[in-house]
Amino acid sequence: MIQIDPKNWFFEPHQGSAIGLEIQHKLHEEQSSYQKIEVYATQTFGHLLVLDGYVMLTSRDNFIYHEMMSHPALFTHPNPQRVVIIGGGDGGTLQQVLQHEEVKQATQIDIDERVTRVSEQFFPELCTHNNDPRATLLFIDGLRWMREAAAKSIDVIIVDSTDPVGPGEGLFTADFYRDCYRALDDGGILVQQSESPLLHADSIIKPMHQALRTAGFEATRTLQFPLCTYPSGWWTATLGGKEKKFPTFREEQARQASFDTRYYTADIHQASFALPRFLQQLLA
Ligand code: SAM
């Protein structure tokens, strides 16, 4: 049997299993006004960002998450000029969003400025677009910001939040989605990380579809992708569209994108919406 020294490992236990990463040392720890922020140097996954004990990202696999949170929604909206990111303080989603030339303004609203400052220090490769002239970074509660947002002022909303505990809890409710619906222009799309299909299908994915529909989103879809450092190693994002049918995937533009991706391709885009039978049945 392989022997490990738990002192040298970071574990995130969840529903009787645990994601573990072997660490070299802790690089940073602080208690911000909202959450405990930790950064570790790991043996094989680069730097690891942890908020309140939950893995947020590692240097090695965050590209899968950030690309899948951004490109499927942006290549589905016919002309995504105004994008709002709720959460996302590490900068990774903003970086992907700003690869799209159509985007004229991207506003990132994270409640906790310390997440951004710590990310700038330990994940500078994700923060390359924080000073882009098209980017605005705000540090306030996304729930409050969305309540006050002008009607029909946004094309795509990306909710890149923590799990539905602590400050992120309200971001998983029909009340919040109603504010998003009002703030989205005709044809607008919302996408939100919706946790693990294996562990959270009943508790998060299905209720998210229901809450989105209650809030007025006529079309809802979930896509899936692997993410080995999140519980179960398998993750989803759920989209809500304002119109009855999602706009047609801009496949040709995705195939001829002017920027490089490491995970996302036009084929991955289409394949990611193919769901296993248990999810199809649950969401029918
Ligand atoms: N990729 C991550 C995941 O799914 O585990 C999430 C990344 S991220 C850094 C999440 C961010 O959401 C955190 O920086 C946190 O401060 C922010 N957040 C949580 N609740 C929020 C709220 N109500 N308004 C704005 N940002 C919020």
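For the numbers below, each heavy atom of this structure counts, side chains included, while hydrogens, waters and symmetry mates do not. Note that ligands are numbered from 1 as they come in the structure, with each ligand's atoms numbered from 1 the same way.
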Do Gln108 and Leu138 come close enough that some side-chain heavy atom pair is under 4.5 Å?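 Result no, sub-4.5 Å side-chain heavy-atom pair not found.
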Quick one: are Leu239 and Phe246 in side-chain contact, heavy atoms under 4.5 Å?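 Yes - at least one pair of side-chain heavy atoms lies under 4.5 Å apart.
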Is the shortest side-chain N to carboxylate O distance from [X] to [Y] below 4.0 Å?
X      : Y      : value
Asp267 : Arg255 : yes
Glu67  : Arg262 : no
Arg250 : Glu102 : yes
Lys36  : Asp52  : no
Arg114 : Asp112 : no
Lys242 : Glu218 : no

Counting from 1, what ligand 1 atoms have a heavy atom of [X] closer than 4.0 Å?
X      : answer
Gly88  : 11 (C)
Val55  : 5 (O)
Asp112 : 16 (O)
Ile109 : 25 (C), 26 (N)

Note the single closest protein heavy atom to [atom], along with its residue, its atom name and the distance in Å.
atom                    : result
atom 17 (C) of ligand 1 : Asp110 OD2, 3.3 Å
atom 19 (C) of ligand 1 : Thr162 OG1, 3.2 Å
atom 2 (C) of ligand 1  : Tyr230 OH, 3.2 Å
atom 9 (C) of ligand 1  : Asp90 OD2, 3.1 Å
atom 18 (N) of ligand 1 : Ile111 CG2, 4.0 Å
atom 24 (N) of ligand 1 : Gly142 N, 2.8 Å
atom 22 (C) of ligand 1 : Asp141 OD1, 3.6 Å

Measure from the ring center of [X] to the ring center of [Y] and say whether it is less than 6.0 Å.
X      : Y      : answer
Phe259 : His100 : yes
Tyr181 : Phe217 : yes
Phe249 : His269 : yes

Would you check the N or O atoms of [X], main chain and side chain alike, for any that come under 3.5 Å of an N or O of ligand 1?
X      : answer
Leu143 : no
Ile86  : no
Trp235 : no
Asp163 : no
Pro167 : yes

Hydrophobic cluster membership, with links at side-chain heavy-atom distances under 4.5 Å among I/L/V/M/F/W/Y: are Phe172 and Leu184 in one?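 Yes.
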Path from Leu143 to Ile109 over hydrophobic side-chain contacts below 4.5 Å: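 Yes: a chain of side-chain contacts under 4.5 Å links Leu143 to Ile109.
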Would you say [X] touches ligand 1, if touching means a heavy atom closer than 4.0 Å?
X     : value
Gln35 : yes
Leu57 : no
Tyr65 : yes
Leu51 : yes
Leu49 : no

Could you check whether Trp234 and Gln224, counting side-chain N and O atoms only, form a donor-acceptor pair closer than 3.5 Å?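 Yes, Trp234 and Gln224 have a side-chain donor paired with an acceptor closer than 3.5 Å.
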From Ser161, Gly92, Gly87 - option closest to atom 6 (C) of ligand 1 by heavy atom: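 The option holding the nearest heavy atom is Ser161.
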Residue portion contacting ligand 1 (non-hydrogen atoms closer than 4.0 Å) for Gln193: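 The answer is the side chain of Gln193.
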